[in-house]
Each structure stands twice: as C-alpha cells, then as structure tokens.
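All remarks here apply to the structure that follows.
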Amino acid sequence: MSNRYTHARVQEYWQHIWEREGVYELSDERIKDGPGTYVLGMFPYTSGSLHMGHIRNYAITDAIARYRRMNGEAVLHPMGWDAFGLPAENAAYDRDTDPESWTRTCIEQMRDELERMGFGYDWSREITTCDPDYYRWNQWLFNRFYEDGLVEYTGAQVNWCPDCETVLADAQVEDSGEETGETAESHASHGDGVCWRCHTPVQRRELDQWFFTITDYADELVDGLDDLDGWPDSIREIQRNWIGRRDGAEIRFAVEDDSIEVFTTRPDTVFGATYVAVAPGHATARQAAAGDEAVTDYLDRAADGQAEGMSGVDTGLTATNPVTGETVPVYVAAYVLDDVGTGAVMGVPAHNERDHAFASEQGLPVEQVLEPDEGQADADATLPYTGEGTVVVDGEYEGLTSSATRDRLLDHAAIEAATTYRLRDWLISRQRYWGTPIPIVHCEDCGAVPVPDENLPVELPEYVQTTGNPLAASTDFLDTDCPDCGEPATRETDTMDTFVDSSWYFLRYLNPDLSAAPFDSDVASDWLPVDVYVGGDEHAVLHLLYIRFLTRALADIGLLDQREPVERLVNQGTVLHSGEKMSKSKGNDVAPHEYGAETTRLFALSAAHPGQDFEWTATDVSNAYEFQQDLYRMVTAFSEDRGGRIESEPHDAYLEREIDRTIAAVTDEYERFRFHRAITEIQQFARLLRRYRNNGTPYRFAYSRGLRVLAKLIAPLAPYLAEELWSALDGEGLIAAADWPTALQDVPAYRVERELVRTTLEDVRDITDVVDITDPEEIELVVAPEWSYHAYDTARDVTPDGSVVGRVMDDDAVPDTEVAADYAVDLAARSGGFEPVLSPEREQTVLEQATWLFEDEFGADVTVRRAAPDGEQAGTARPNKPAIHIS
RNA sequence: GCGAGGGUAGCCGAGCCAGGCCAAAGGCGGUGGGCUUAAGACCCGCUCCCGUAGGGGUCCCUGGGUUCGAAUCCCAGCCCUCGCACCA
C-alpha cells in the first residue's frame, strides 16, 4: 500500500499548505495594480452537488489558471455561488425548511467538493448572490438603469409556467421537442414551447411586468459578434440568429380612413402586391371583425389554434398600394404572425413562397414584376421567383435592378427604411420568493416609484410556506410608504430573474467587499475583458448574451470603459455515458468522487480537447489512474535510491534533448488549451524516462531534471500528485507556485534530430523483419559522405527551372562518380521536396547519442561512423538517412 | 429552406488555418513477445496490401481543379451534427 498514490490521503495536507501560503489569492493591492490574467468558469448554481459537467468545466479553468500562474502571471481565478432560484424554493417546500438554509447547506457541500477536487480558487473573493450585500447591487443597478431609461414596466403577453408559477423570458422557453412531423397544421397555436426548467408547457398571460430594454442594444450586440474572434463560431451564430436582425422597409398601405404598415425585406417587389394580409391579432383584424361574422369566426378559430396552413378570410376592406395606386383586398391570415415585423404583410405571390401558396389557396392573382437576373435560375421557370432581378412593370422603376429599386423607393413618402429584430426586451420579473426583490414601491398617486439608494437593500422577508408568493403574503414586507409622497403604499412583490445576478458577478470578484459601489470602475476597466471564460453552450442566448448587454449598459452609464466582457470563450463539450449525455435524470451519471477526485479530473482533461464531447469509459479512467501511479512510482523509486552517475555519457544528451523537446511541445499544447495532447506528450516522456532508467545507471543531473520537469508539466492537471512528486524530489517551495520549466537548448532543431532517430529505428526494424533476421549481432550506421550534403544543398537552391543535375555535378565538392551522378538524378526528381537536414557531424553525434535505443531494442552492438570521403562505401546513405548494415 | 460546423485506417480521434519531414500522432480494441508461480500492472513490437536490406502499391466522403507536389488550397456534389424558421 505504501507505494500507491492516493490523493485522498494527502489532500487535506496540501489544501492546508496552499491556504496557508495563499498561493491562489491575489491581494486587493495586486488587483488595484492593474490587469493580470482573469480566468473564469461558469457560475455554479447551488444545487448541492457537483456533476461531471462542473468537473470538466472547472478542471479546464483550473488547468489554465495554474499554467498561467506558473508562467508568472497574476491570475485571478475566483469562485462564487449563483444562489438564488426556484429549485431552492421547491427543495425547501419538500423538506420543510427555508430556501436560505437549504442554499447555505448546498454551498458548504459544494465548496467542500471543489476543494477536494484540488481546484485552486481565490476563496477570499467568494461571493454569494443571495447575500443582501450582493443583491443590493442588483437593486442599485436597477435604479441606475431605471434612471437611464433601460427599465420598462408594461403590460405584456408573457410566457407563464404553471408549474413554476412564474413568468419566463423568451429565451427560457424551449421547443417542446415534440416533432410536428408531416401534420404541418400544428403550427397554428405558435408558441407550443415548454419551460426550460421543468418542461411544463408554457401558457400565455397578460401581466404588468418589468423589463430591461436589451433591444436598445440589438444592433451593437449583433455587430460586436464580428469582432469576437475569441468566441466559437457556433455561439456567435446562435446569438446572431437569436437577435434576428432583418433590414427592410415599412410600407404604408392606405385602408379606408386608416392605414396598414407592412414590413418587408423586399420592397422591390411592391409592384406585385395583390393583397395585404394581417395577423389575427392585428388591430385591423379586430376592427374588421365588428359586424362581420366570417371574420369573427376566423379570429375565434385562430384564437383556439384552429386556423391552419394557408387559411384566411377576406375582410372586405381594400388597401391602396402607395406605389402603383392599385387597390387590393385585405385578408386576415394565420400565416401572418402577430409578433413578427408589423404583424402585416403585403402579399406578393409572384416573388414569395408563402404568399404564393396563400394566393393559390385563396384564388388571388399572381403578378410577376421582376425578371430574373441573367444566369439566375431558368428565366421563366415557374413562379414564385424569389431572387433578385430587374423591374419589368411600366413606369419610373422599369429596368432598375432590385437593389437600385429598393434605394429609390426609400424616397417614396409611404416607404421608410426599417429594421426588425427577433430579440425582445428582457423580462426580468419573476413571481417567486427566492430572488432579488425589485426595488419599487407602488403608490396610488405616484405610480411605480423606485426605492431610493439609501434605503437599499430591500431585503427579503422571512420565508413562509404558502401556495402563492411569500412576498405577497408578508404584510411587513408589503406595507410601506411612498418614497415620493410619503403616503401608504405597497412594495413590488416580483423578484428579479436570477440571470440578473449572474450578468455582472465577474465584476464583483474584483472587489467583493466594496460597500460604496457594486465594483470599482477603474479596476474593472483595467481587468476586463475576462481573458478566458469557460462554460457550456446551453447559455448561448441567455447568460452569454446578458453579460454582453449588461457590460454595454454599464459602460453607457459611465461605470465601465469596456464594452465586451469576455475576450476568449471556451465551450466545454458534453460528457457522455453509453452514448448519452451524462445526467442524473437519465440515471447514467457518475459521481465525481466515485473513481477518485484527481483521477476524474485528469481523465476529463485527457479524454478530449475542451470543446469536444467524449465518452466516459472505465478503461480510460483506469488509464488515467495508472498514469498517476506510474509517475508516483518513478519518483518515489528515485527519491528512495538517489543513486546515479556524476559523470555524463554521450547517450545522456539524448535524454536531455528529449526533456527540452517535451517542454516545448507541452507548453505549446497548454497555450492552445489542448490538455489531452499535453498529457499524451507527458506520457511519452515518462515512458522514455523509465526506459532510460532501466537501461543503466542514470546520469543524476539529467534524470532528476527529467523527473522535476515531469512533475511541473503535470502540475496544472493533477495538483495534489504534483505536490507529492515535487516534495519527494526536494523541490523548492510549492510546485503550485513554481516557475514553468524552460528548455536549455534551442528546440526547433530537435524535430529533425528526432525524426532521424525515429526513422532510422524503423528502418532497422523493417530490415530485420523483411530479411527475417531474428537476432542481429551488429548494427552499423554509416552517415553519408560530406559531398552528398553539398549536393543536397545545391539542389535545394536551384531555381525550379534550373538544371539540378548539371549544377550538382559542377559542384567541386561533389566527386565525378557514378554514385554521385545517380544521387544528382534523384535530387532532380524531387523538385522542391527538401526537408531540412542536419550537418553530417551533427547527424553522427545524434546517432551516437541514440545508440542505446538500438542496443536496447535489438540487443546488438551498434557502431556509427562517417562514410569515406569518396563515397564508395556509402551504399544507400543519404543526408538524414544513414546506410544500415546488419550482421 | 437559410446559416454554421463537420466527414481521416476496426473504433475514438491528431494533422488541415501557415501544401512537401504523412502510410498519416496518441488512445482503445486485436495480436506477437518480455517480465511474472499465476493474474493484474508494466515494458517492447505488429495491426491497408505486396515484399528474403530500409522497397513498391493503394489511401484521408465523391468528382473535378490549382501546383513540381494536396488529407491540407479552390469548385461542385453527397452525407452527418447543431442553430434558426409559416420571420414577411
């Protein structure tokens, strides 16, 4: 048992030391001194236990933070708790406790688990969103936004989850996932979404609600995506789609004494409008319904979700096309949606698929007004033609291209450039207890009045079990005086969406105890953007859009200089088990500690690069476990024995070069966050060290350096193990605070050297195999003659159309022999494929240093020598490819 | 339908941005051998085809193209994954 490494046996010790030394902490002074490296993982919700997704996420951030720290950077790597939210209320209800106690218990558990995993956080900066000291700043920011016109209070049709008993933001409504399939009629009810949390079908309700006007930033949010090079394309694309900006025009059609505004991205097709259609919820539809039974019926059917496909009803109204002056009928049609554009369209059956379908269904005329551009589709293919073209109607626009027409039409009095967005304002009201109270007082005379800053925080009342909202049940909370007129008034009982809490938490970490402001603007402007943020892509349009919005909003009220919160975003992939996403609800989850905490994190990092999904397999986990044991055994064996040569031998140089090469390779992989590649390199290196060790008495300097490098390279990935190795090797201080290793020699040249050894070994294997030499006695490696290197260099320098053979043979250093001539012909045939080669001296040295590998593998004596100058004995020797004689 | 990202040997996956060092890393699985009383662990090979001296053939979804040279660059197509979608 003694030479087995068990992290559980040492974790407490190292945790204690780390804490005592404060290795993961940054002082406030250091923070104030200016930007270091800010590494952030997703804000954990306080569910009470870590799942594999957390482990993976935090293993990645921890590796990055540790690596950067070892490179001498001041790394801010904080942790805190997204502590408000509905599940705590449900848990409290089920367990007959209150959300706060429940949440605090969960936090204790989770902090403990995180520490056990060996994650190095600056716990001095821990924040908890359900602390009044935190959420008061939500309220304070609400007030600032209120002053700045970013807060709206309006009655709205909102998403209501009957199970959660609260409203949901649009982004929190998911597709039901029920395939509508071939029965294309089911779109009728539009909005058959489900709650993102409990998957209960969402209902619609009309409520007075609080909003942040994120749509004010729609343009900037979508434009900013172009410059977010550090973000994955997929996330940028998702945000682009979600914001859904469409440029077009609004066109006013006169209807009786009134008018209908239609939005279109193709105003150039206005000449072909043969009808106007409005959504069932459009004002014109309601007016038309008065006294018209057919329209009333249709609206009823639409309300029940029964109006399907291309159904519609003629209102009897006519609309005048402002450009052509023609009058066209006005329809109510279910395919026109209330919340898209203006809720009304001009029907151009000749140039729009849906309009064409509707016109066919309703027997409306189709008028072609655009001639397809040359080369576009077959000229008179069947309509609708939806591409660009040339206007073919008589009049001032005739002959203009689509885009010229669009420009010209903007001069028309009834047409205005317009842009629509899919993005809606952020509904932040929640009818729940466990959140930040919205700091508003409702006064009969003064209306909704913000609570003055000096009266913040508005604290949550004590929790009571009730079927409704506990805030509304507490008269102590509810009853207050109007801040404006002093008359009795009542408090707002809605709390804020918890995404408000997590929209600026990364700023609070910089000064978690600041009592005068949510964060220090100067410090925050210095430290932002966050250098690396790691999180799952499930928050692409929630959290990750909100932080971009909030950051801009904060900049605009003068609290921040930065407008983007995150420089580089890494989306970690999913951990699969039996082909499915690992999750408790599927029953295929593996608890993080089941296989040992450090093994689990090491496995998670070794299995794939951060962005990639990977499968949890027992074999791969056990490989990660064995890998730890290997390293531990190697180091303890060395530290117990401490022997070794003092004098170096030629083959030690081989090891020293490999140490340098490994450092370079692993460093490169760390820079790219490719931890699985780093581990592969480290494993190969460890194997080489073992082999070297087994080959004879190691040179103490090189071997111990190799082991120390090994410990350092693994330190960001397996911190407990690394500390154990480091102390066994008598390393100075803590490895967590040690310097990243550097190569002693120039590394780039190694690649060629390494290839030389590798291919030569392969060649020997090949020969013994093909010729069936089972037990070679002697292997002779003959480095090519000097002249062949000259010839090689000469050939490489010849311009593409020059005569290679001539130039090579003209070289004085190249002898006038048949062998040389053949080689020149060879070189000529290469035309360009000249990989770098070593000098003959270097080649010989490298091979000599590697002879132990040949001896070890083939059990033969090995000699290395240079070919005689005339080259006659060189045989097949070429630069980078020694002749091989086996006997 | 629109948009994004992909298709690499039995499997998982590097490589592709910056073409030549690519028959193509590493792991898994399979297989031969070493160590061992044995198992496990560990170590060294092999794992597209042919080959009695390091060679030859075919290969990175398919088909074209650029280039002295393509897994890598360009074009077209097929397939997969994801996002959006009666979106005007």
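Every chain is numbered from 1, with letters handed out A, B, ... down the list of sequences.
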> Contact class for Arg758(A) (heavy atom, under 4.0 Å): base, sugar-phosphate, or nothing?
Replying inline: sugar-phosphate
> For the pair made of CG in Asp668(A) and C1' in A18(B), what is the distance, rounded to whole Å?
Replying inline: 14 Å
>> Taking the six-membered ring for Trp, are Tyr298(A) and Tyr331(A) closer than 6.0 Å centroid to centroid?
In response: no
> Taking the six-membered ring for Trp, are Tyr595(A) and Trp616(A) ring centroids under 6.0 Å apart?
Replying inline: yes
>> Does A25(B) have its OP1 or OP2 closer than 4.0 Å to a side-chain nitrogen or oxygen of Arg677(A)?
In response: no
> So, is Arg765(A) close to the G45(B) phosphate, meaning a side-chain N or O under 4.0 Å from OP1 or OP2?
Replying inline: yes
>> Classify Glu681(A) by what it touches in the nucleic acid, base, sugar-phosphate, or nothing, heavy-atom distance under 4.0 Å.
In response: nothing
> Arg674(A) side chain N/O closer than 4.0 Å to the phosphate oxygens (OP1, OP2) of A25(B)?
Replying inline: no
>> So Arg236(A), base contact, sugar-phosphate only, or nothing? Heavy-atom distance under 4.0 Å.
In response: nothing
> Between Arg252(A) and Glu416(A), is there a side-chain N and carboxylate O pair less than 4.0 Å apart?
Replying inline: no
> Aromatic rings Tyr632(A) and Tyr5(A): how do their planes relate, parallel, tilted or perpendicular, breaks at 30° and 60°?
Replying inline: tilted
> Hey, does the side chain of Arg691(A) come within less than 4.0 Å of G34(B)'s phosphate (OP1/OP2), counting only N and O?
Replying inline: no
>> What is the distance, to the nearest angstrom, from the CD1 atom on Ile243(A) to the C1' atom on G83(B)?
In response: 14 Å
>> Considering every strand and a 4.0 Å limit on heavy-atom distances, what is the contact class for Met346(A): base, sugar-phosphate, or nothing?
In response: nothing
>> What is the distance, to the nearest angstrom, from the CG atom on Asp268(A) to the C1' atom on A88(B)?
In response: 13 Å
> Counting only side-chain N and O atoms of Arg672(A), is one of them less than 4.0 Å from OP1 or OP2 of G15(B)?
Replying inline: yes
> With sugar-phosphate meaning primed atoms plus P, OP1 and OP2, does Val336(A) contact a base, only sugar-phosphate, or nothing at under 4.0 Å between heavy atoms?
Replying inline: base
